[in-house]
Amino acid sequence: MNNRPRLMIYTNAIVVILVLVYFFALPAVTLIQALNDPGLRSGEIPGFVFRWHRSLSEDMEQWALDRVSSGRASELDTSDISGTEWPVFSSVFYLWTTEALQEAWEEDPSLADSAPAVYARGAIEAVTALVADPNHAAWVVQHWGEDYLDHENLFYRMLLISGLTSYQTLLGEDTYETTLRQQVESLADEIDASPYGLLDDYPGECYPVDILPAIAAIQRADEVLGTDHSAFVIRSLRAFEDTRLDPATGLPAYRCDSFTGEGLGSARGVGISYMLIWAPELWPETAQEWYHLYEEQFWQESWLAVGFREFPIQYPYTVSPMGDVDSGPIPFGFGTAASAFGIGAARANGDFERAYPLSAEALVLAWPLPDGTLLMPRLLSNLTDAPFTGEAALLFTLTRGSAADNTQGRPSLPFSVYLGLCIYAGIAVGGVILSIKRVGQWEKGRHNSVAAWQFITWLLLMAFGLGGLLLSCDILGGILFLAAQFFPRMDRNP
């Protein structure tokens with residue numbers, strides 16, 4: 001009977017120490033290694049991205065297969081933005097990332113033990129099937145009708161073109177070429193024929209942030225289709241000139257009226273960051289001008305953190321720190337999405353003086369686990385419909401690159417990075433010390449026997465907690481293990 005409390009206390013201590021090592025100590029080590037990767041300070045892809053991508057590939061393959069077979073996408077309506085848009089968007093982020101990794105691997109095969117197009121083939125096929133799945137277009141059918149592939153609907157058609165292009169580039173197969181060719185030609189013709197080079201994403205909603213990558217997607221598709229839209233690309237700059245610019249900043253307005261060509265409201269960080277990822281490959285000189293204006297009016301530094309603002313410094317209105325579905329939270333003016341995509345924007349424009357600290361902040365916040373999971377992006381995604389959006393988007397930004405290096409000074413890290421590392425290490429060390437101390441306190445005393453109901457309850461919590469982890473119910477398993485730490489509870493003899 002007297003062995004029960006010892007068994008419970010020692011087992012609890014071991015569980016706590018293993019959890020602390022897995023969730024805090026090893027992530028701290030991973031972060032220190034990642035922050036010293038030379039790829040964060042140059043146009044090269046950081047080596048750790050290959051490892052995280054391989055882990056993500058395994059998860060995304062099964063998720064995409066399950067989601068397509070479930071037909072769940074057809075059950076959602078347009079009010080569920082993350083449930084309808086994010087599955088397709090995250091799939092395309094993943095394909096863009098894989099394409100960049102494959103290109104880097106072909107230049108230097110030492111970066112990974114096998115080609116991304118080889119080890120990720122199953123995932124490539126599964127997520128492309130999701131992108132092309134008619135059920136995953138159900139939300140745009142609600143907006144545009146059954147002929148949703150024939151007019152407007154720019155955002156979805158941009159994703160479709162991008163995903164199918166990456167698939168053909170990576171695997172060299174023409175499974176979707178007929179659809180790809182038809183969409184490239186029809187979308188390019190429609191943009192070209194529009195009064196201002198603007199098309200709506202949804203009826204009455206035109207976002208230049210989606211038009212620019214659509215133009216880039218058409219240009220990229222030329223490489224696999226053997227077509228030439230170079231003249232179209234040059235003409236398409238008109239969508240980002242004159243009244244389509246925010247007069248206060250000289251940058252493209254976040255929204256436009258596609259019928260009048262008028263910009264609506266301010267330029268926004270999430271839009272400019274994302275456009276500046278693609279602009280250098282379309283219009284290099286314009287991209288340089290935009291980037292200069294962007295860093296001048298949106299870049300913000302404090303003793304704690306650095307990043308791009310969601311709205312320009314001179315923005316006269318009070319903005320909710322909660323932001324919206326596009327921006328994410330806006331703490332102290334910093335745009336979450338603006339800074340995340342800002343990593344890609346800075347890298348694409350050769351500004352590693354900003355790309356390095358932005359990447360470092362993102363990595364610390366990402367909470368990388370030993371199995372390659374980026375815990376915080378995972379938790380901030382839609383866990384039901386699009387659980388990998390955050391991770392796919394972060395890897396996408398970290399794989400953008402530039403042959404140019406316009407860095408003016410030596411990149412440095414903000415205090416938040418060091419603070420984050422100290423938190424990881426402090427929780428790990430402090431937790432281990434407390435666990436050992438608790439064991440010591442129990443050993444010093446004389447203990448009564450633990451009631452059978454306590455022992456059985458503890459045993460069940462531990463067993464079901466382990467079962468939850470084995471069945472991939474991580475949150476439930478973690479809660480049960482945590483509950484087990486409250487046992488044993490008993491009186492001590494004097």
Side-chain angles (χ1 to χ4, degrees), residues 154 191 194-201 205-216 233-301 306-319 323-324 326-327 330 333-351 353-355 358 397 400 402 404 406-408:
L154 180 130
I191 293 174
S194 65
Y196 302 97
L198 303 172
L199 293 181
D200 288 352
D201 284 348
E205 297 183 44
C206 174
Y207 299 95
V209 62
D210 296 324
I211 294 170
L212 194 149
I215 298 166
V233 170
I234 294 173
R235 288 193 300 272
S236 294
L237 183 58
R238 65 196 175 105
F240 309 94
E241 297 176 328
D242 303 325
T243 57
R244 272 75 71 198
L245 299 176
D246 167 20
T249 63
L251 292 165
Y254 188 65
R255 289 187 61 179
C256 282
D257 186 319
S258 60
F259 294 99
T260 67
E262 297 291 327
L264 305 174
S266 170
R268 291 180 53 178
V270 60
I272 303 303
S273 283
Y274 191 61
M275 285 192 283
L276 281 169
I277 292 174
W278 305 106
E281 62 189 64
L282 296 174
W283 315 296
E285 293 183 1
T286 300
Q288 290 180 11
E289 295 173 5
W290 286 356
Y291 191 79
H292 175 71
L293 292 171
Y294 188 43
E295 64 180 358
E296 187 177 73
Q297 300 174 81
F298 284 77
W299 182 253
Q300 178 171 282
E301 297 184 7
V306 300
F308 287 106
R309 295 174 57 85
E310 179 59 24
F311 294 94
I313 295 173
Q314 66 270 29
Y315 192 74
Y317 306 110
T318 301
V319 181
D324 57 32
D326 292 326
S327 69
I330 312 176
F334 290 105
T336 301
S339 295
F341 287 127
I343 297 170
R347 289 178 63 87
N349 287 275
D351 182 7
E353 185 178 359
R354 290 178 174 80
L358 283 172
T397 63
R400 302 307 94 189
S402 171
N406 300 317
T407 301
Q408 299 299 312

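Everything quoted here is computed from the prediction, not taken from an experiment.
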Trainee: What is the minimum heavy-atom distance between Thr397 and Ala340, and which atoms define it?
Mentor: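 Heavy atoms of Thr397 and Ala340 come nearest at CG2-O, 3.4 Å.
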Trainee: Can a donor-acceptor pair be found, under 3.5 Å and without considering hydrogens, that links the side chain of Asp257 to the backbone of Phe259?
Mentor: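 Judged by distance alone, yes, a pair lies under 3.5 Å.
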Trainee: Taking side chain as C-beta onward, heavy atoms only, is Leu251 less than 4.5 Å from Asp246?
Mentor: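 No - every pair of side-chain heavy atoms lies 4.5 Å or more apart.
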Trainee: Does the side chain of Pro213 come within less than 4.5 Å of Ile277's, by heavy atoms?
Mentor: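 Sidechains of Pro213 and Ile277: no contact.
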Trainee: Apply side chain to side chain contact (heavy atoms under 4.5 Å, CB included) to the pair Leu199 and Ile191, showing each step before the final yes or no.
Mentor: CA-CA 7 Å; Leu199 293 181; Ile191 293 174; 3.5 Å; yes
Trainee: Step by step, work out the side chain to side chain contact (heavy atoms under 4.5 Å, CB included) result for Ser194 and Arg238.
Mentor: CA-CA 11 Å; Ser194 65; Arg238 65 196 175 105; 4.0 Å; yes
Trainee: Given side chain to side chain donor-acceptor pair (under 3.5 Å), test Trp283 with Glu285 step by step and report yes or no.
Mentor: CA-CA 6 Å; Trp283 315 296; Glu285 293 183 1; over 6 Å; no
Trainee: Name the one of Asn349, Ile272, Leu276 that satisfies side chain to side chain contact (heavy atoms under 4.5 Å, CB included) with Trp290?
Mentor: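 So the option named by the test is Leu276.
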Trainee: Pair Asp326, Tyr254 - check side chain to side chain donor-acceptor pair (under 3.5 Å), show working.
Mentor: CA-CA 11 Å; Asp326 292 326; Tyr254 188 65; 3.0 Å; yes
Trainee: What heavy-atom pair brings Ser327 and Gly323 nearest, and what distance separates the two atoms?
Mentor: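 Closest pair (atom of Ser327, atom of Gly323, distance): OG-CA, 3.4 Å.
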Trainee: If every non-hydrogen atom of Ala337 is compared with every non-hydrogen atom of Val270, which pair is closest and at what distance?
Mentor: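 Smallest interatomic distance, heavy atoms only, reads CB-CG2, 3.7 Å.
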Trainee: Output the distance between atom CD (Glu281) and atom CD1 (Ile215), rounded to the nearest 0.5 Å.
Mentor: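 Glu281 CD to Ile215 CD1: 11.5 Å, rounded to 0.5 Å.
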Trainee: Heavy atoms only: give me the nearest Leu198-Cys256 pair and the separation to one decimal.
Mentor: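 Heavy atoms only, the tightest pair is CD1-CB, 3.9 Å.
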Trainee: Should Ile211 and Cys206 be marked as a side chain to side chain contact (heavy atoms under 4.5 Å, CB included) after you check the CA-CA gap, both sets of side-chain angles, and the distance that decides it?
Mentor: CA-CA 9 Å; Ile211 294 170; Cys206 174; 3.8 Å; yes
Trainee: For the atom pair OG1 (Thr243) and CD (Glu262), what is the distance rounded to the nearest 0.5 Å?
Mentor: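 Answer rounded to 0.5 Å: 4.0 Å.
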Trainee: For residues Pro252 and Leu245, determine if any side-chain heavy atom of one lies less than 4.5 Å from a side-chain heavy atom of the other.
Mentor: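 The answer is yes; the side chains approach within 4.5 Å.
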Trainee: Please find the pair of heavy atoms, one from Phe298 and one from Ala267, that lie closest to each other, and give the distance.
Mentor: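 Closest approach of Phe298 to Ala267: CZ-O, 3.8 Å.
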Trainee: Look at the side chain of Tyr274 and the backbone N and O of Gly344, then say whether any donor-acceptor pair between them is shorter than 3.5 Å.
Mentor: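 Answer holds: no.
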Trainee: Could you measure the distance from the CD atom of Glu353 to the CG atom of Leu358? Nearest 0.5 Å is fine.
Mentor: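 Reported value, rounded in 0.5 Å steps: 11.0 Å.
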Trainee: Donor-acceptor check, side chain of Glu205 to backbone of Asp200, threshold 3.5 angstrom: yes or no?
Mentor: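 Between the backbone of Asp200 and the side chain of Glu205 there is no qualifying donor-acceptor contact (under 3.5 Å).
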Trainee: Taking Gln297 for the side chain and Thr249 for the main chain, is one N or O donor matched with an acceptor at less than 3.5 Å?
Mentor: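 Side chain of Gln297 to backbone of Thr249: a pair is present.
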Trainee: Can you name the closest pair of heavy atoms from Phe311 and Arg268 and give their distance?
Mentor: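 Smallest heavy-atom distance, with atoms named: CE2-CG, 3.6 Å.
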Trainee: What is the distance from atom OG of Ser266 to atom CD of Glu310, rounded to the nearest 0.5 Å?
Mentor: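 Answer for the OG-CD pair, Ser266 versus Glu310, is 8.5 Å.
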Trainee: So, taking the atom named CZ in Phe308 and the one named CH2 in Trp299, what distance separates them when rounded to the nearest 0.5 Å?
Mentor: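 It is 5.5 Å, given to the nearest 0.5 Å.
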Trainee: Is there side-chain contact between Arg244 and Pro208, with at least one heavy-atom pair below 4.5 Å?
Mentor: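 No, their side chains stay 4.5 Å or more apart.
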Trainee: Sub-3.5 Å donor-acceptor pair from the side chain of Arg400 to the main-chain atoms of Ala348, do we have one?
Mentor: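 Judged by distance alone, no pair lies under 3.5 Å.
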Trainee: Can you tell me how far the OG atom of Ser273 sits from the OH atom of Tyr291, to the nearest 0.5 Å?
Mentor: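 Taking OG in Ser273 and OH in Tyr291, the distance rounds to 8.5 Å.
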